[in-house]
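All values below come from the heavy atoms of this structure, side chains included, with hydrogens, waters and symmetry mates left out. Chain identifiers are assigned alphabetically (A, B, ...) following the order of the sequence lines, protein sequences preceding nucleic acid strands; residue numbering begins at 1 within each chain.
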Amino acid sequence: MTYDVAVVGAGVVGCAIARALARHPRLRVALVEAQDDVGQGTSKANTAILHTGFDAVPGSLEARLVREGGRLLAAYAAESGIPVEEVGALLVAWDEEQFAALPRLAEKAERNDHHATGLIGPADLYEREPHLGPGALAALHVPGESVICPWTTTLAYATQAVRHGVDLHLNSRVERASRQDDTHVLTTGRGTLRARWLVNAAGLYADTLDRHLGHHDFSVTPRRGQLLVFDKLARDLVRHILLPVPTALGKGVLVAPTVHGNVLLGPTAEDLDDKRATGSTADGLALLREKGRRILPGLLDEEVTAVYAGLRAATEQDDYRISAHPEQAYVTVGGIRSTGLTASLAIAEHVTGLLTEAGLDAGSARDLEPARMPNLGEAFPRPYQRPELIAADPEYGTLVCHCERVSRGEIRDALTSTIPPAGLDGLRRRTRARAGRCQGFYCGAAVRALFEGVGE
Amino acid sequence: MSATREVDVLVVGAGPAGLAAAARLAAAGVGRVEVLDREQEAGGVPRHCAHGGYGTLLHPLTGPAYARLLITAAERAGAVVRTGVTALDWAGPLALHTVGPRGPETIGARAVVLATGARERPRAARLVPGTRPAGVYTTGELQQAVHLYGQRIGSRAVVVGAEDVSYAAADTVRTAGAAVVAMTTDLPRARTAPARALDTRLRRGIPLLTGTTVTELVGHGRLSGVRVRHHDGRTATLPCDTVVFTGDFVPDHELARRGGLTLDAGTRGPAVDGSLHTSRPGVFAVGSVLHAVESAATAAREGAHAAGAVLERLAGAERHEGVPLIAEPPLCRIVPNRVTPGDRLPYVLRTATPLTRPVLRVTQNGRLLHRERRWTPTALPNRTLTLTAGWTGRVDPKGGPVRVTIS
């Protein structure tokens with residue numbers, strides 16, 4: 001069988017593209033992923049922010065797609081039950097040089113169509129953020145910056161795509177890609193796959209796949225970001241996303257609440273050459289703690305619930321690398337960095353447009369059935385807080401993971417969902433089971449028993 | 001909101017401390033004593049401690065047998081033990097929101113006893129760098145996996161720590177059919193009975209790497225090794241598929257914090273006086289949430305002791321403010337940590353550094369209240385140090401903080 005389109009890479013961008021293509025019933029679409037779950041690369045380990053795009057490079061493709069994507073995703077999240085909290089951001093100036101940069105950032109926001117930023121003085125700043133460390137001079141308030149659940153987003157796209165006929169091929173690393181008789185032939189770890197059109201959304205490996213097709217437009221340098229997640233008891237320490245004023249060295253370390261009710265500190269920015277270097281380091285963690293102590297001193301007294309490191313797909317260019325190669329029936333979606341989550345729906349629209357311009361006959365489009373995702377957000381009622389749900393099914397009142405208050409009903413639902421988890425990490429991203437302060441001390445064995453199907 | 005159901009005493013947590021408090025209260029004739037536990041089975045941590053060391057010298061028990069004994073005692077006395085019910089948050093000064101399979105319920109009480117226990121700090125909280133592979137345990141998770149669920153845990157394990165709980169973890173690893181590659185500790189020697197350390201090393205052939213820090217976990221998917229650094233700078237990778245982080249207990253103080261109870265800086269648990277009364281009138285705290293962790297026997301003794309104070313409270317006694325009781329370095333904590341004249345519960349302390357022939361001095365505003373020589377030649381970190389309470393009658397309730405120092 002030959003697919004009409006194969007999308008390589010089931011990260012947030014690949015899943016969004018597959019979902020967009022699923023709107024066309026006549027297309028047969030394959031979503032091909034090397035790992036055992038969707039969103040296993042860059043998508044699972046980011047800062048979980050839904051950006052307004054206020055600080056993008058004005059006029060760039062990224063600026064446009066982030067701006068449009070942010071609006072699309074906010075609406076999509078509301079429809080799908082993806083938790084989003086519009087907390088707003090504060091770009092905090094800690095010295096004169098940073099203070100002097102704030103008006104320029106406000107101006108840049110204007111050029112990015114963000115007209116609501118405002119400079120606030122120290123009194124207002126400390127009233128908004130009473131636990132902020134001493135010595136902040138001022139801040140630029142950026143309303144509209146939000147926090148979002150990155151895992152639910154990716155999973156919602158993939159779920160909708162699969163429910164509308166997309167074939168998801170997990171554990172199918174593309175080892176070779178060639179073209180025979182106007183057909184792409186993908187040799188994967190689980191067999192050969194044919195498709196008339198190919199979309200490269202392979203993230204960290206987009207350059208490798210691009211080279212298989214004969215292109216040498218960019219190379220991906222993994223940029224590692226290490227992050228610390230603090231316990232829910234720290235959540236009251238911070239109200240906004242606290243951003244540093246960007247410097248030549250990068251965007252710097254931020255402190256942000258998460259929709260799951262935690263506090264995030266990170267990321268580092270380390271350019272590496274190993275695309276598997278997703279480990280944290282002693283130096284990285286020490287740096288984060290030093291920065292965190294300055295921004296929010298009380299944070300360091302709280303328990304750390306997770307340490308993780310993600311790799312962003314940085315290239316030698318500052319902008320996304322999205323290009324169509326009509327003669328090869330091929331579109332590359334490369335260089336999608338940390339803003340990819342926000343921009344994902346707009347990237348998918350853009351890529352669909354490139355495909356049809358290049359000659360893909362997609363046929364008519366339909367509206368997709370919304371995917372209603374389980375809520376992992378603390379700002380919305382969780383199952384244990386819904387008496388009507390528990391009355392209908394007591395399993396939602398039977399808590400297994402106590403730190404995160406995850407019920408047996410939610411774990412059961414995840415295990416029987418459209419895209420069930422392949423392991424305990426996948427289950428954690430779907431339910432938050434074992435994601436809390438005890439990291440499984442209390443519930444680890446019970447959760448594993450449920451996963452392995454021997455519990456009760 | 002659901003209607004409030006009233007009981008006389010609500011105990012949160014059905015481990016040794018909570019069950020002992022409930023048993024004593026019910027036996028004393030308190031009408032409605034209810035114990036909540038969020039787990040499906042009551043008993044607390046001893047449920048999954050398959051080893052001995054519980055009970056008394058004359059009547060030794062394993063953890064599970066001890067747990068059953070306590071549950072039976074509480075229920076026979078007339079307390080109601082409800083499992084699978086989580087106390088979520090406070091609904092008032094002496095009322096809690098709960099949830100269970102039968103839905104939400106608000107329970108009010110004339111007194112509340114917090115017995116929420118403690119847990120080991122997991123790998124993330126210890127900031128051990130590296131990847132995030134499978135095969136990383138705490139002792140608590142390991143014991144449940146092996147003893148309650150019969151799960152496979154891998155074949156080669158490194159145990160991080162060399163105190164009693166670490167040796168229990170090593171035993172559990174072996175019960176599960178896996179080998180212990182090594183035990184590691186950043187201290188210069190094991191913190192357990194010398195006979196046990198020797199037996200483990202010589203008879204079972206498990207090396208103990210002292211002065212050794214775990215610097216990184218290695219492996220994608222499944223753990224493949226643990227990198228360690230000796231204090232002299234040498235490094236090595238220990239190939240293994242399982243690692244158990246043991247000890248480093250922290251109180252499970254979520255309810256105490258959500259209720260705004262005053263916490264003690266040394267223990268991070270709720271601050272309590274000699275009646276184990278917290279900063280909120282009518283709310284008591286017992287067991288490992290006060291001092292993570294002491295023995296189950298200490299926890300049970302506190303449960304029974306607090307029951308006496310709860311009874312006085314139900315009879316109309318007021319809470320005494322008392323004065324702070326501070327353990328000065330190298331001591332790192334003391335429980336109880338407030339003192340009222342006439343308090344009778346012996347104090348449990350810990351030291352941060354090893355002490356030789358320690359003499360404890362208790363002073364208030366520079367005035368010596370008490371001097372006590374320990375009968376043990378040394379006091380070690382991770383080991384309990386006790387102080388009698390016979391001196392509390394000399395405390396000036398209007399004076400400054402009482403200090404415990406080492407001379």
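- Only the side chain of B/Gln40 has a heavy atom closer than 4.5 Å to any heavy atom of chain A.
- At a 4.5 Å heavy-atom cutoff, the contact between B/Glu120 and chain A is made by backbone and side-chain atoms alike.
- Only the side chain of A/Arg289 comes within contact range of chain B, with at least one heavy atom under 4.5 Å from a heavy atom of that chain.
- Top candidate by heavy-atom pairs under 4.5 Å with chain A, chosen from B/Thr139, B/Val136, B/Asp252, B/Leu148, is B/Asp252.
- The two atoms that bring B/Pro101 and A/Thr398 nearest to each other are CG-OG1, 3.5 Å, heavy atoms only.
- We find that B/Glu141 and A/Arg448 are not joined by a salt bridge, their nearest charged nitrogen and carboxylate oxygen being 4.0 Å or further apart.
- In plain terms, the two heavy atoms of A/Val307 and B/Ala124 that are nearest each other are CG2-O, 3.8 Å.
- Comparing A/Glu388, A/Gln226, A/His402 by how many heavy-atom pairs each has under 4.5 Å with chain B, the most go to A/His402.
- Within the 4.5 angstrom heavy-atom criterion, no atom of A/Asp231 approaches chain B.
- Other residues, nucleotides and ligands contribute at most 12 non-hydrogen atoms within 6.0 Å of the CZ atom of A/Arg173.
- The shortest non-hydrogen separation linking B/Ala118 to A/Tyr442 is O-OH, 3.1 Å.
- Using a 4.5 Å cut-off on side-chain heavy atoms (C-beta onward), B/Arg38 and A/Leu399 make no contact.
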_Intermediate values then yes/no, side chain to side chain contact (heavy atoms under 4.5 Å, CB included), A/Glu303 and B/Val250_ = CA-CA 10 Å; A/Glu303 292 291 315; B/Val250 284; 4.1 Å; yes

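- For the set B/Leu127, B/Thr131, B/Val45, the entry with the most heavy-atom pairs within less than 4.5 Å of chain A is B/Leu127.
- Comparing A/Gly440, A/Pro387, A/Cys443 by heavy-atom pairs within less than 4.5 Å of chain B, the highest count is held by A/Gly440.
- For A/Tyr396, no part lies near chain B; criterion is any non-hydrogen pair under 4.5 Å.
- Ranked by non-hydrogen atom pairs under 4.5 Å with chain B, the options A/Leu233, A/Asp236, A/Leu389 are led by A/Leu233.
- A 6.0 Å sphere centred on CZ of B/Arg222 holds more than 12 heavy atoms belonging to other residues, nucleotides or ligands.
- Contact of A/Ala309 with chain B is not made at all, since no heavy-atom distance falls under 4.5 Å.
- For B/Leu88, the parts lying near chain A are the backbone and the side chain together; criterion is any non-hydrogen pair under 4.5 Å.
- With salt bridges taken as basic N to acidic carboxylate O contacts below 4.0 Å, one links A/Arg405 and B/Glu254.
- Here B/Thr86 is the residue among B/Thr86, B/Val85, B/Thr215, B/Val128 with the most heavy-atom pairs under 4.5 Å with chain A.
- The 12-atom threshold is not exceeded at CZ of B/Arg102, counting heavy atoms of other residues, nucleotides or ligands nearer than 6.0 Å.
- Within the 3.5 Å criterion, the main-chain N or O of A/Ala445 finds a donor-acceptor partner in the side chain of B/Gln151.
- For B/Arg229, the CZ atom is loosely surrounded, since the number of other residues' heavy atoms within 6.0 Å does not exceed 12.
- Both the backbone and the side chain of B/Arg132 come within contact range of chain A, each with at least one heavy atom under 4.5 Å from a heavy atom of that chain.
- Atom CD of B/Glu41 has 12 or fewer neighbouring heavy atoms from other residues, nucleotides or ligands inside a 6.0 Å radius.
- For A/Arg223, the CZ atom counts as loosely surrounded, since its 6.0 Å shell holds 12 or fewer non-hydrogen atoms of other residues, nucleotides or ligands.
- For B/His253, the part lying under 4.5 angstrom from a heavy atom of chain A is the side chain only.
- Figure legend: B/Arg121 and A/Phe441 shown without cation-pi pairing, the cationic atom not lying both under 6.0 angstrom from the six-membered ring centre and within 45 degrees of its axis.
- Partners of A/Thr42 by side-chain hydrogen bond (donor to acceptor under 3.5 Å, both in side chains), not counting sequence neighbours: none found.
- A salt bridge links A/Glu302 to B/Arg257: one of the charged nitrogens lies within less than 4.0 Å of a carboxylate oxygen.
- Taken from NE2 in B/His220 to CD in A/Gln35, the straight-line distance is 10.0 Å, to the nearest 0.5 Å.
- Contact annotation for residues 274-284 of chain A against chain B (heavy-atom separation below 4.5 Å, listed by residue number): A/Arg276, A/Thr278, A/Gly279, A/Ser280, A/Thr281, A/Ala282.
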